[in-house]
Amino acid sequence: MELHYLTIKEARAGLKNRQFSGEELRQACLTRIKKLNPKLNAVLTVIDKPESSRNPNGPLGEIPFSAKDVFVTRGIRTTAGSKVLENYRPEYTATAVERLLDAGAVLIAKDNCDAWGHGSSTENSDFGPSKNPWDVTRVPGGSSGGSAVTVASGLSFFALGEDTGGSIRLPASFCGVTGLKVSYGAVSRYGSIAFASSLDTVGPITRTAADSELVFNVVAGRDPNDATSVTVGPALTRKNLKIGLPLEYFGKGNDPEVEKAVLEAVRVITEGVSGETLSLPHTKYAVAVYYLVATSEVSSNLSRYDAVRYGRDRSYLGAEAKRRIMLGTYALSAGYHDAYYKKAMQVRTLVKRDFERAFKKVDFLITPVSPTTAFKLGEKKNDPLTMYLSDIMTIPVNLAGIPAVSVPCGFSKDGLPIGMQIIGPYGSDRTLLAIAKAYQQKTHFHERHP
Amino acid sequence: MKDTLNPIIGLEIHVELKTVSKMFCQCRADWFGQEPNVFVCPVCLGLPGAMPVPNRPAIDFAILTALALNCRIRRFSKFDRKNYFYPDLPKGYQISQYDLPFGEDGFLMVNGRRIGITRVHLEEDTGKLLHQKGSSGVDFNRSGVPLVEIVTEPDLKNAAEAVLIMREIHRLVRFLGVADADMEKGSMRFEPNISVSKTQKLPDYKVEVKNINSFRFAEKAINYEIDRQTALILKDEVVTQETRGWNEQLKQTVSQRSKEEAHDYRYFPEPDIPPIVLSERQISSLKLKLKILETQAKLRTASRKFHAGATGGLLALTALAILLRKKLKKLQPQLGGNDMDKIIKNVLLENAQLVKDYQSGKEAVINVLIGKAMQKTGGKVDAGAVREKLKQLIQQER
Amino acid sequence: MKISTSEVKKIAALAGLKLTPAEVRKFGLQLSAVLDYVQALKKVNTENVKETASLTGLTNVWRADRENKKRYLKKGDYFRVNRII
């Protein structure tokens, strides 16, 4: 029995029926990591010492999982993908990870990522890029690239990722798995190494939307350690949800196969009723806003790395980190603050309003996650601006703080996964997952493995 | 030509609040005299991934102080990040307040003169550097302790006045019960800003003097600076804008760093802490507290006089004190924010249909929900606050 | 939007970064390109538009004034830095 590709639901059922043990699941993953990680470089740290589940009968009892290496884990090396923290062992554990452990899940690996979350391909990791399991000459997406690879390749049953500008959704779509970017604040950020504090979200990467819901229910909810955390509500059960298609996300910039797959998915979801087209006019400014707001926050969040209390000194910061710190410092500096940071924060409000207006007319939006499928390693690395533009469809969602889920909806001729993005109003996380679940009952794209 | 010029002096005062815990974490705030780095946690050590959560009583203390200084209290306020590098600043930024401080435009009377208080705001303290042979040691026990910063207008005209203000603020914060203000422990720090001018107008420079930890040193340092600057100006020389430190051995101020390279602190709103919106009720409650303290003080004075033979006023003051206490009790909800939150969330979960009705336009339904919440709390909360919280949470769950 | 070498050095100093001359040149070019791109925001009419203050609508999130001994990290000694004058 191929244990490593079971869904969480299937694994829990099998454990309950004693078809296999938790230890067998753990070993299946560890064996696979040993076999495939040298080629895929998805995992930076393996936790292979036998650790019994805190709660074997919990909702995630004995399910092995991995976490993007931006989540601090007490006593277990946490690098954030950077040489600055290459040997850092945190003294506490992130709330989201604690909640998973309390629900019985077993941590087996820390996943590779673009250093500090800065990137869309994992090529900015100080420990080498991860490879796309569907075609190892291609990127898996980023920054939670390692996490998407572990789930897609059966190295873990699910992963905890982090999405600031598309970092869960893009790798999920490039690797053919399901990735949820939650409503801002829906999952505690306490213990998640900060990238951009007003944009960072913590969320699950799983093989199915049903699994995503299981993980979300465990990690979500107000945390007294995170003053920006909230508890979002249950799924809407209303029928005949109206779907909108924002003009700005479709058309000539897109790979025709991607567009075709997404439009076909819309037909499946709406059962033939066409989606309503509408406009989100400030979409074209979103990347510019992001690269001023996010970098400003980065320039501040990364100031603590001064080697006084932990880690190595700032000379170990990589080029992309330095670039973003400098850009952010510039945008906040005296004389430029109003023209850059303040202006960007104002346009951000307009991007947010575009969505609010759209959600008065429709219930949800569907778009591609990316204009293309996974690009080749090295293709965009030398031009930072081109790399930034890969996030053009995911960034606006983070600026608005609303939730979105990336769901596999097809494959290109070359066999590369295509993902669609379902976007909902603030707090609609569970409804998004319900829509994705219904879609996955009618389709099989999520069942294919590399 | 006069051989004395007009001194122009302003004060920047930092007061450590005597809360139980620090400003943004639950470590003990009473740090003095401990082994280094024993009261530290991920938050005040600035570990990767740590996040701040504001101390509510610290905010109340800051507002009480601002009220006692006759400030206008901002209803809408926030915290901001002040970015700079120094080994005793673990995050590489200090959480402070920039453009929306809790209190502004206050005043204090001294010798019948009105001295302006520009602002009163709340921030966190830094760690301490200990200079040892060959290296320095950093102790973060003090990192994150709540600090109220009081800034006066440059209205002071001589050292004696400045010291009077220092003494008055020292007395005030102890009277309010918000601080111990022990200058030897450094829990109250003064930084005078001094310039001298040929006219009454503000000159284009100021010198900040640090390292003053007693009223005596303050008077000496200010007088020294006035003389030093006067001498330079009378020789037609320029006074450098800078920071100087008082050196008690040499009995003079010594240049520390040039304030000309003014730090660019790149202030921006702290994204990890939601804004503060103070209700009329909260401010009234604190105004009342202030009145009670003042009345109690008057009561003590009257009581002493009574025992010494003088009569009159005691009865009236006692009655007033009792009345004020009653008023205060009425104003204060007895249930804390977090508990109320939990109860209200439960009400929403238990009444999903009512929530849906409200969301679909039946606004009156909120009264039913308020009723249920009040029931659960045994009436121990303010209905207005409950209504606001319900609306906020329903909005989030859309 | 060209950034000069001296500006790059100034920003690097503010940001606590030590750059080699090659890095100063490279970053200067790359940052200039990004700044060129973000100039597009100038065209947006933001009159009377408030900066995004909060995404959750939350206000007044705070806690009681209590000590929690369980969170202390065991240190009991100084962190060392090079001598600060």
Side-chain angles (χ1 to χ4, degrees), chain A residues 70-72 78 80 85 88 90-92 94 183 185 188-194 196-199 222-234 236-238 296-297 299-306 308-311 328-329 331-335 337 341-342 345 359 425-428, chain B residues 24-26 37 40-43 45-54 79 81-93 127 129 136-138 140 143 262-274 338 341-342 345 348-349 352 355-356 359-360 392-398:
Chain A
V70 298
F71 295 105
V72 295
T78 302
L85 296 180
Y88 175 58
E91 288 152 282
Y92 74 111
S183 300
S188 169
R189 287 184 295 127
Y190 185 71
S192 173
I193 297 179
S197 311
S198 75
L199 296 160
R222 177 109 177 73
D223 177 16
N225 289 313
D226 175 351
T228 60
S229 69
V230 299
T231 300
V232 296
L236 291 180
T237 49
R238 239 177 61 230
S296 295
E297 293 175 0
S299 71
S300 183
N301 284 329
L302 263 53
S303 293
R304 64 190 63 196
Y305 302 102
D306 60 4
V308 171
R309 292 144 286 129
Y310 48 79
T329 305
L332 287 172
S333 65
H337 178 113
Y341 179 76
K342 179 172 172 182
M345 286 298 265
F359 289 130
Y426 189 85
S428 64
Chain B
F24 297 111
C25 65
Q26 296 174 296
N37 295 307
V40 293
C41 75
V43 179
L45 256 192
L47 295 192
M51 294 181 73
V53 183
F79 288 99
R81 291 192 187 179
K82 179 179 182 181
N83 298 280
Y84 66 96
F85 288 98
Y86 207 65
D88 67 5
L89 190 65
K91 296 185 295 294
Y93 58 87
L129 273 171
S136 298
V138 198
F140 292 99
S143 163
H263 283 284
D264 180 357
Y265 293 119
R266 289 159 280 131
Y267 286 99
F268 69 98
E270 171 57 78
D272 289 337
I273 302 176
N338 276 335
D341 256 33
K342 261 185 241 155
K345 271 192 196 111
L348 292 177
L349 285 170
V355 174
K356 282 202 192 113
Q359 282 169 336
S360 64
Q392 184 188 86
L393 290 176
I394 292 177
Q395 175 66 18
Q396 280 166 18
E397 289 183 31
R398 227 237 88 203

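Order of the sequence lines sets the chain letters (A, B, ...), proteins ahead of strands, with each chain counted from 1. Being a predicted model, the structure only gives us computed values, none of them experimental.
- Counting heavy atoms from C-beta outward, A/Arg189 and B/Met51 have side chains that approach closer than 4.5 Å.
- Taking both residues in full, the closest heavy atoms of A/Ser303 and B/Phe85 are given as O-CE2, 3.5 Å, listed atom of the first, atom of the second, then distance.
- Here CZ of B/Phe268 is found 7.0 Å from OG of A/Ser296. Values are rounded to the nearest 0.5 Å.
- Side-chain atoms of A/Arg309 never come within 3.5 Å of backbone atoms of B/Leu47 as a donor-acceptor pair (strictly under, hydrogens ignored).
- Ranked by non-hydrogen atom pairs under 4.5 Å with chain A, the options B/Asn83, B/Val43, B/Asn37 are led by B/Asn83.
- With hydrogens and angles disregarded, no donor-acceptor distance shorter than 3.5 Å links the side chain of B/Tyr93 to the backbone of A/Arg304.
- B/Asp264 places a side-chain N or O within donor-acceptor distance of the main-chain N or O of A/Ala334, the cut-off being under 3.5 Å.
- Neither the backbone nor the side chain of A/Ser299 comes within contact range of chain B; no heavy atoms are under 4.5 Å apart.
- The minimum heavy-atom distance linking B/Ile273 with A/Thr228 is given by the pair N-CG2, 4.4 Å.
- The nearest pair of heavy atoms linking B/Ala50 to A/Tyr92 is N-OH, 3.0 Å.
- Residues A/Ser197 and B/Pro271 share a closest heavy-atom pair of CB-CG, 3.5 Å.
- Looking at A/Phe71, there are no atoms closer than 4.5 Å to chain B (heavy atoms on both sides), in backbone or side chain.
- Most heavy-atom pairs under 4.5 Å with chain B, from the set A/Met345, A/Glu297, A/Lys342: that is A/Glu297.
- The greatest number of non-hydrogen atom pairs below 4.5 Å with chain B, out of A/Leu85, A/Val72, A/Asp226, is found for A/Asp226.
- Heavy-atom distances place the side chain of B/Phe140, and not its backbone, under 4.5 Å from chain A.
- The part of A/Ser192 that comes within reach of chain B is its backbone (N, CA, C, O), which places non-hydrogen atoms under 4.5 angstrom from that chain.
- Contact tally against chain A (heavy-atom pairs below 4.5 Å) for B/Pro52, B/Pro54, B/Pro274: the top residue is B/Pro274.
- Considering all non-hydrogen atoms of both residues, A/Tyr310 and B/Pro48 come closest at CZ-CD, 3.5 Å.
- Heavy-atom minimum distance, A/Ala227 versus B/Val53: N-CG2, 4.3 Å.
- Side-chain contact annotation: B/Arg81 with A/Ser300, donor-acceptor N/O pair under 3.5 Å present.
- For chain A, the option among B/Gly46, B/Cys25, B/Cys41 with the highest count of heavy-atom pairs below 4.5 Å is B/Gly46.
- Within the 4.5 angstrom heavy-atom criterion, atoms from both the backbone and the side chain of B/Asp272 approach chain A.
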